[in-house]
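Keep in mind that the numbers below use all heavy atoms, side chains included, and drop hydrogens, waters and symmetry copies. Per chain, numbering begins at 1; letters A, B, ... match sequence-line order.
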Amino acid sequence: MSTHASSPSAPAPGKALLVGIAGIAVSLLGLFVHGAEKFATSWLIGMTFWVAVALGVLFLVMIHHIFDAGWSVMLRRQYEHWLSSFTWLALLFVPLLVIAWTHPTLLWSWMDPHYDLAAHGGHGTVGDDVLWSKKSGFLNRNFFTGFTLVSFAAWIGLAAIFRRNSFTQDGDGDAKWTLSSRKWAAGGIPLAAITLSGCIILWVKSTEYHWFSTMYAVWFFANCMRVGLSLGLILMVWLWCRGDFKGLLNDNHMHSIGQLMFAFTVFWAYVTFSQYFLIWNANVPEETFWYNIRETGDWFYVGMTLLFGHFFLPFLTLIHYPVKVNKKLMPYIAFFIASIVLLDICYNVMPSQKVASGDPLPFLQGGLIWTIAAVIGIGGICVWAYLRSFATTKLIPIRDPRIGECLTYHQGHAD
Amino acid sequence: MAHAESTAHAQHSHPILSEVNPVEIPRAVLIENKRDFAWITEKICGIIEGKTPTWWWVLFIAACFVASFTVAGITYLVSTGVGVWGHANPVNWAWDIVNLVFWIGIGHAGTLLSAILCLLRQKWRTSINRAAEAMTIFAVVCAGIFPVFHVGRVWFAWYLFPIPNSNAIWQNFRSPLEWDVFAVSTYGTVSVLFWFVGLVPDLATLRDRFANAGNKLRARLYGFFALGWRGSNRHWSNYEMAYLILAGISTPLVLSVHTIVSFDFAVSLLPGWHTTIFPPYFVAGAIFSGFGMVLTLMLPLRAIYKLEDLITQYHIDCMCKITLATGTMVGYAYGMEFFIAWYGANPYEGFAFINRAFGHYAWAYWIMIACNVVTPQFFWFKAVRQNTALVWILSIFVNVGMWFERFVIIVTSLARDFLPSSWGYYSPSIVEIFTFFGTFGVFSVLFLLFIRFLPIMPMAELKAVSPQADPHAGHDHH
């Protein structure tokens, strides 16, 4: 099957793999320099970020199918390549499972009923803590492991189905693949919503297991969508710069992706503000403590950066049409949004780790380098997976029923 | 055709275009049987211009009779006092706020169809958005009755607004009830504006048709509201821009209104009310209930006026799927609330939810679950979506379920508050039942007047999505 004969040569994935391995190696170095806790925190942040990217991509592919969207067919092909990262993300999650089973208190103190809470200003052990024992049916190591494995299996399975359907259609041009994807997307969205919710509660929210918020999974979903859209835009413009998408990508595609980025900027702000406001207003200590520790030290400034960087700045830039269609500027905005999503995940994970005094781990500390290394390392593997897949198929889904609409997309089109 | 289209533009610029050969899965047509502009005009205007049907009079008189229950209820209330309602400690909020939230929620589908689907360029909205927008306005009217009259001395209702007065009364801006005043009044105003702007070209059509038919009075009336519309390029250009701006304004409004309504409860400390997911959960619920009502109203209209070519099976499919999606979101929120009530390990919160499901109001809770979570799941099946009678029955269940959702949230939490010695069981008084029952009459009267005197579908917009508007209509290749 000819793949990229009609466009510039497929990019070599080797460099991305090297970057990935180097990042992981540097991250592992942190294990010896700053100890296991910093490594574990860094790895959790890195994994949460890249799983957010992959989940955002998965949701966007499924939304594309159930809406029978026409304009986004080219973008969807790039997302289908990215979905191959799920398998590798499952593999890269193994260190966290190893941590859960060997040194659980590095991240999730509730996994060890003998863990002494006095170290963090509490009383007794986790096992004595009624706030844990009440929810121990959910917060236990077996459920954590089982739910994580089931979730990855569901994501990998869904990813495999959408990839197979789309890539096979390139060859046989059978409409059944589109109809199959549509059905799987309808069922896959609730499945992905449930697994996303459970995983983010188990992986991240439970790092402060006393705290709870019904909005939490919606917050993570908003971040998944924002970072998934940002990635899509970066990939589209990168392919345009390489020459692959010259004559294919037009301003209207850019505008539509930009509009979605704008919409989810507002959605993130809506969700995050609602959660903060309702907790602040009620002023119940069992909820406010989570925000209180994030108003101490340098976390206050991180919070302010999130407020302005995650909302106001993207909102005020993406609202303008000329910005949304600017192929030079938009990748920077997309990269900025992705960086702020990473910061948001740091804001949720890092303060639950405590220094010797019992204060939250500050944001600016030596261990941050291992977090960056973990993000680059895991990201390198994801990019490698994308590039490997990229080289195996057509640049665009040439037999997709809506490819014609996508190639001639203009604002008057309904879909 | 699509292949040719796709390659025509840029064949010279990208070699892969020569390989593009899309498989055929035709898109659903929005207007069936290739109806042309004249047919659309005749069909919609004919509803207004024709003789008033007997069924209309029967329904109108019945609706007026039902509406009189509201008049009776509030007359008795105002002349006697709010004590005639069934409220008593600890349930000091009940049917008034339940009915406010219910009717406000109903209105959301109209704004979603007119604003959000407009921004998303979903052209299928054109067949139903006009009636849904009208429904929004009438629902807001019904909703407004409850907060205005629950103050008892209704002549003091203007105290809700920050108007300087001799008593030096100033509003409590920290109360979400005060935010409601601004949210709902802004929502009502913008909804009316949006509806009216959309009507202008169609009113001009009616003006011209009545003028040609020699009906001067009606020509003048429609002409007055048509604002001198002549259909020039400048008029259309301004109209399109105004419509787009109003869509942009309405979109955050549709989210903010029900968000603020959710704040009425979520800002409190009461178990079952104070939960962070309330804002998006209320918005999803509002859209769910709104689409339930759109289906309830549009399916009979479609059958009576034989509008099958304009409200096609595709439209019904889309509405059913939105109902399914939002109903499932609501189900997710119910599940998450229950889960976090347990996960949070707060005994009061846990009790509130156990009490909802198995306490004195368990019957209401399970009606809610059956109607809001189970009922929409039937829409997964194409055979159900294609059975119009069944869709209509299911839409009634959605309406019932969403009323019960508000009842369950509001009453169960209040009836079992922090102080067991004051626990009670709320039952509505006959005055409350009258007042609420009558609002269906108020709503129906307004809706019947709407379908009799105004175009129930946007003719100009329908024509834009008709086969005749397609420059390639009738040609498979070009």
Side-chain angles (χ1 to χ4, degrees), chain A residues 5-7 66 68 70 130-135 138-139 169 173-175 178-179 186 189-190 193-194 197 201 212-218 245-248 259 266 270-271 274-275 277-279 281-282 284 286 394-396 398-408 411-415, chain B residues 1-10 12-27 30 119 121-124 252 255 259 262-263 266-269 274-281 321 325 328-329 332-333 335-337 339-347 350 380 465:
Chain A
S6 53
S7 62
I66 58 163
D68 191 12
V130 69
L131 292 181
W132 173 74
S133 59
K134 290 264 187 190
K135 60 184 101 173
F138 177 78
L139 289 189
Q169 193 177 54
D174 196 329
T178 298
L179 302 176
I189 286 178
I194 292 166
S197 305
I201 293 171
F212 53 89
S213 165
T214 44
M215 187 72 107
Y216 202 72
V218 187
F245 274 3
K246 283 265 162 55
L248 301 180
Q259 282 177 314
V266 177
Y270 170 67
V271 166
S274 295
Q275 177 174 278
F277 171 73
L278 291 173
I279 289 174
N281 189 73
V284 180
E286 67 187 13
K394 296 285 182 188
L395 180 65
I396 55 175
I398 52 171
R399 306 301 306 277
D400 188 280
R402 308 289 174 236
I403 187 67
E405 289 177 23
C406 178
L407 292 168
T408 57
Q411 299 291 345
H413 272 180
D415 309 284
Chain B
M1 185 183 78
H3 172 47
E5 267 181 301
S6 65
T7 51
H9 262 274
H12 61 283
S13 60
H14 204 297
I16 201 167
L17 293 176
S18 61
E19 297 181 54
V20 169
N21 182 19
V23 57
E24 280 288 324
I25 300 183
R27 286 206 181 274
L30 297 173
L119 293 184
R121 296 193 283 275
Q122 294 294 305
K123 288 181 180 173
W124 63 270
L255 299 177
T259 296
S262 81
F263 283 171
V267 297
S268 75
L269 294 174
H274 174 63
T275 179
T276 50
I277 205 171
F278 254 28
Y281 152 38
K321 285 175 184 173
T328 309
M329 283 179 205
Y332 171 88
M336 184 56 79
E337 270 190 318
F339 170 71
I340 293 292
W342 170 79
Y343 178 92
N346 180 319
W380 281 101
V465 299

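Of the two parts of Pro252(B), neither the backbone nor the side chain holds a non-hydrogen atom closer than 4.5 Å to a non-hydrogen atom of chain A. Interface remark: Ile189(A) contributes no atoms to any contact with chain B (heavy atom separation under 4.5 Å). Using a 4.5 Å cut-off between heavy atoms, Phe277(A) contacts chain B through its side chain alone, with no backbone atom that close.
Within the 3.5 Å criterion, the main-chain N or O of Ile25(B) finds a donor-acceptor partner in the side chain of Arg402(A).
Put simply, of Leu139(A), Ile66(A), Ile279(A), the one with the most heavy-atom pairs under 4.5 Å next to chain B is Leu139(A). Between chain B and the residues Glu286(A), Gln275(A), Lys134(A), Lys135(A), the most heavy-atom pairs under 4.5 angstrom are made by Lys135(A). Between chain A and the options Trp124(B), Phe278(B), Phe263(B), Tyr343(B), the largest number of non-hydrogen pairs under 4.5 Å is found for Tyr343(B). Between chain B and the options Ala193(A), Ser133(A), Pro190(A), Ser197(A), heavy-atom pairs under 4.5 Å are most frequent for Ser197(A).
Below 30°, between 30° and 60°, or above 60°: for Trp342(B) and Phe339(B) the angle between ring planes is between 30° and 60°, a tilted geometry.
Residue Leu17(B) is tested with Ile398(A), Ile403(A), Leu248(A) for a side chain to side chain contact (heavy atoms under 4.5 Å, CB included); the sole match is Leu248(A).
Side-chain contact, Glu337(B) with Thr214(A): no donor N or O sits under 3.5 Å from an acceptor N or O. In this structure, a donor-acceptor pair under 3.5 Å is present between the side chains of Thr259(B) and Tyr270(A).
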Give the intermediate values and the outcome of salt bridge (Lys or Arg N to Asp or Glu O under 4.0 Å) for residues Arg399(A) and Asp174(A).
-> CA-CA 8 Å; Arg399(A) 306 301 306 277; Asp174(A) 196 329; over 6 Å; no
